[in-house]
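Read through the structure below, which is laid out as structure tokens, and then see the notes.
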4 protein chains.
Amino acid sequence: MTDQRRPSAGVARRSETSRRAVLTAAFELAAEVGYAKLSIEGIAARAGVGKQTIYRWWPSKGAVLFDAFLMFTTGEPGEGGGGEGGGESVEEAALPDTGDIEADLKTVMFATVDELNDPRYDRTMRALSIEIAHDADLAALYAERLNRPMRELKKRRLRAAQEAGQLAADLDLDVAVDLLWSPLLVRWLHREGPLTHEYAAALVETALGGMRP
Amino acid sequence: MTDQRRPSAGVARRSETSRRAVLTAAFELAAEVGYAKLSIEGIAARAGVGKQTIYRWWPSKGAVLFDAFLMFTTGEPGEGGGGEGGGESVEEAALPDTGDIEADLKTVMFATVDELNDPRYDRTMRALSIEIAHDADLAALYAERLNRPMRELKKRRLRAAQEAGQLAADLDLDVAVDLLWSPLLVRWLHREGPLTHEYAAALVETALGGMRP
Amino acid sequence: MTDQRRPSAGVARRSETSRRAVLTAAFELAAEVGYAKLSIEGIAARAGVGKQTIYRWWPSKGAVLFDAFLMFTTGEPGEGGGGEGGGESVEEAALPDTGDIEADLKTVMFATVDELNDPRYDRTMRALSIEIAHDADLAALYAERLNRPMRELKKRRLRAAQEAGQLAADLDLDVAVDLLWSPLLVRWLHREGPLTHEYAAALVETALGGMRP
Amino acid sequence: MTDQRRPSAGVARRSETSRRAVLTAAFELAAEVGYAKLSIEGIAARAGVGKQTIYRWWPSKGAVLFDAFLMFTTGEPGEGGGGEGGGESVEEAALPDTGDIEADLKTVMFATVDELNDPRYDRTMRALSIEIAHDADLAALYAERLNRPMRELKKRRLRAAQEAGQLAADLDLDVAVDLLWSPLLVRWLHREGPLTHEYAAALVETALGGMRP
DNA sequence: CCCTAAGCGAGACGGTACGTCCGGTCTTCCA
DNA sequence: TGGAAGACCGGACGTACCGTCTCGCTTAGGG
């Protein structure tokens, strides 16, 4: 997000306490009140922190929210590039692989559906989504730090299936991932209909088999 | 949005002039400054209208934006009144049908891609999308008045292909529509990558043929 | 206030019902909510009258209040010049005359004190006073229609005392009236101290006897 | 008005610059446009200050006006802080004392008359008077901070005359002050007649000599 | 006895100001 | 020197009234 973490050298002593207080407050407020009423003023107050402390370390409300999300989702580190110590949880994770790609995809997508149906996660994720939608910088950050690792995981599972001959050898895995997950996201974000396991299953089946007879 | 048009009875009717001025101002401002700087105060000023006139007839900034979009997209009516005079443009329209479903889908999706790449349309549509994402009422309105007609059109073309034996007889057309268009929307809204004809073509081909070998 | 009453000729038929409803509403609202929250909108609503009916017949909020005061204070007529039929109540009234000017003055001033201490009268009169203080036109009207008759009454009693040799022959009665009543008004309007009979009595005694030894 | 000036403790202290800008703007605007068009919005704009800065430190428009009047009338301090540094100008002042109470009173009252006839002073003072008339809190403040010192000055001169045997030994000086000045105020505020030196002279003479023969 | 013009209630309109909230910046003190 | 505290300017929020302006309706003349 920002630079910081000039390890020793000059001086630089960002308060870890404040950082965590801000991110925690942001995350909780997002879950409680949603995007519309989420204010930097409110975050600072809830965190017991001066507003300047937020402005000093984050460029925008979305950036705070993003870091908060990162902290509570992946291991911890939040933002500093430093950390090979934190991202591991994502790196080490893997999608289930029972050998049956259709079943495994359904398992994962059902989990996504359940998550999006949880009000707390819904509000947080919705707030983040909205920030991303109108802040290109944040979108890039999101793509790189949150979306890319997730997409890698998905592609890894698809690649395994491909190598097992269950998917077409010339399948573009990025397109495949979009084909499966995007409809879920759109239906959720724009509330175009109920987000059910049935819908997710239909997506998997249709995407796998294709629309042709 | 609102009802109005109690033809006689009470009295004092809504000013059509003001209504159009507001919607025009909203549409133009959204295209010019984007969501973040779109204010009711600004719309009122640009429209030469008292703020109360906006608050009187629309429940939220998003509702104004929605009506503006509706007015400039479909024929006219916006919300009240006209009735059977306006919705026709959408109803009467139809997707191209050359007999080749793959080619026709690409044609339509290329057009969508081009639209989303146009900065003016991008800003307007993005503003509307964001409003929809955090206003369930507006989302319902959008689903009903803007999304449903478009989806009907798409499904009509798919149904024709289905009847011609080019698509599976048991294909769920709603799922099919989502499969094709959602990835476009997500990539656009979250700026996950360049929105190109190539990408759209890949989507069509993969969705039609399926991911399996 | 206004002209109206072109008896026949064109047409002109002001609704007496509305006039009274407006004045009653104004008077009651002034007594209930005081000057600060007294609005033409509120008066119209309470009177069940269109705002235009007020703007048509009165030039200002103060004018309405003035007429209301006039109607509920002196007999009735309100404003139309027509009426030699209404002012009589004031004309016919007279201050008490027991032959003892000091006692009589105290009686009258005690009554004034009591009136000003009554919350309902206080609020109404205060609202009117404030309007008068920042509207020269209204001030002129007030001086002519409400203040002058009252002053005449007072001067009449003083003149009687003067003729009876109880007051100096060369006493300027207007100055005398001011000397007696103004301190009461100022103390009341600016809340400079408690408005008591004692204070009124002291005023009368000092004014009569003078400040010299 | 307000307290403030917690010298150390918390932090962030009030801007003296803003305070003076607000009071200056209020004073000038009151003199220029009068009570009716005096708005907090206007004061803030003219002072180059955020509205919140006014709302933060003053409870009402009248309070601002009062402080403005205080600052431009007595030395300076306005309300908070300074303390013993400001009130002196009034304390040290004194009414003229030539030994002739009648002449001295006329001198002072002529000055008052001239002041009230000055349009700038008239508008300012009228605005303040009106605010006082409908705000009891402000009235108390006014009585204490502006009226009391002035009254003290007047009583001091009257007391000197009393000790010199020119006034009755048992004269209530407060009543005497009211007797002399209130008629001036009422005639001015309600515009009951021309405010002339003649009128003031008549007041002094009548009050001194009494109404009796 | 109808016709017509007014007054009427209702209330929308373009505006101004209200008092509040928040965004970002700046300043002061403490640790 | 980073951080808490919070004042500051700016500007949008949503509300309340202002004074003006249609609307249809009602009603009282004059034809």
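Note: hydrogens, waters and symmetry copies are ignored here, and every other heavy atom, side chains too, is used. Source: prediction; values computed, not measured. Numbers restart at 1 for each chain; the letters A, B, ... are given by sequence-line order, proteins then strands.
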>> Looking at C:A31, is its backbone amide N or carbonyl O close enough to the side chain of C:R123 to form a donor-acceptor pair, meaning the two atoms are under 3.5 Å apart?
In response: yes

> Does any residue of residues 25-38 of chain C have a heavy atom under 4.0 Å from DNA chain F, and if so, which ones, in number order?
Replying inline: none

> What integer distance in Å separates B:R14:CZ from F:dC23:P?
Replying inline: 16 Å

> What about D:R19: does its side chain form a donor-acceptor pair under 3.5 Å with the base of F:dA7?
Replying inline: no

> Can the positive tip of B:K61 be found less than 6.0 Å from the middle of the six-membered ring of B:Y35, inside 45° of the ring normal?
Replying inline: yes

> Quick one: on DNA chain E, does C:V49 or B:V49 contact a more 5' nucleotide (nearest heavy atom)?
Replying inline: C:V49

> Is the phosphate of E:dC13, meaning OP1 or OP2, less than 4.0 Å from a side-chain N or O of B:W57?
Replying inline: yes

>> Would you say A:S18 places a side-chain N or O within less than 4.0 Å of OP1 or OP2 belonging to F:dG3?
In response: no

> Any N or O donor-acceptor pair linking the side chain of C:Q52 to the base of E:dC8 at under 3.5 Å?
Replying inline: no

> Between the main-chain N or O of D:V49 and the side-chain N or O of D:T53, is there a donor-acceptor pair closer than 3.5 Å?
Replying inline: no

>> Distance to the ring centre below 6.0 angstrom and angle to the axis at most 45 degrees; does that hold for A:R14 and A:W58?
In response: yes

> So which of residues 40-48 of chain A are in contact with DNA chain E, with a heavy-atom cut-off of under 4.0 Å?
Replying inline: A:I40, A:E41

>> Run the side-chain hydrogen bond (donor to acceptor under 3.5 Å, both in side chains) test against A:S18 and tell me which residues pass, sequence neighbours left out.
In response: A:S15

> When you check the phosphate oxygens OP1 and OP2 of F:dA4, does a side-chain N or O of A:T53 lie under 4.0 Å from one of them?
Replying inline: yes

> Taking only residues two or more places apart in sequence, or in another chain, which ones meet B:S60 in a side chain to side chain contact (heavy atoms under 4.5 Å, CB included)?
Replying inline: B:A63, B:D135

> According to the interplanar angle, ranging from 0 to 90°, do the rings of A:F69 and A:F27 count as parallel (below 30°), tilted (30 to 60°) or perpendicular (above 60°)?
Replying inline: tilted

> Which whole-number value in Å describes the distance from D:R56 CZ to F:dC9 P?
Replying inline: 8 Å

> With sequence neighbours excluded, what pairs up with A:S129 under the side chain to side chain contact (heavy atoms under 4.5 Å, CB included) test?
Replying inline: A:M125, A:W188, A:L189, B:H190

> Starting at the 5' end of DNA chain F and moving along, which residue's nearest nucleotide shows up first, A:G50 or B:S39?
Replying inline: A:G50

> Taking CD1 from B:I54 and P from E:dG15, how many angstroms apart are they, rounded to a whole number?
Replying inline: 12 Å

>> From OH of D:Y55 over to P of F:dC13, roughly how many Å is that when rounded to an integer?
In response: 18 Å

>> Does anything in residues 42-53 of chain C form a salt bridge (charged side-chain N to carboxylate O under 4.0 Å, His left out)? List the pairs, not counting sequence neighbours.
In response: C:E28-C:R46, C:E32-C:R46, C:E41-C:K51

> Can you find an N or O donor on one side and an acceptor on the other, under 3.5 Å apart, linking the side chain of D:R13 with the base of E:dT27?
Replying inline: no

> Would you say the side chain of B:K51 and the base of E:dG14 hold a donor-acceptor pair, judged only by whether the two atoms sit under 3.5 Å apart?
Replying inline: no

> CH2 of B:W58 versus P of E:dA12: gap in Å, rounded?
Replying inline: 13 Å

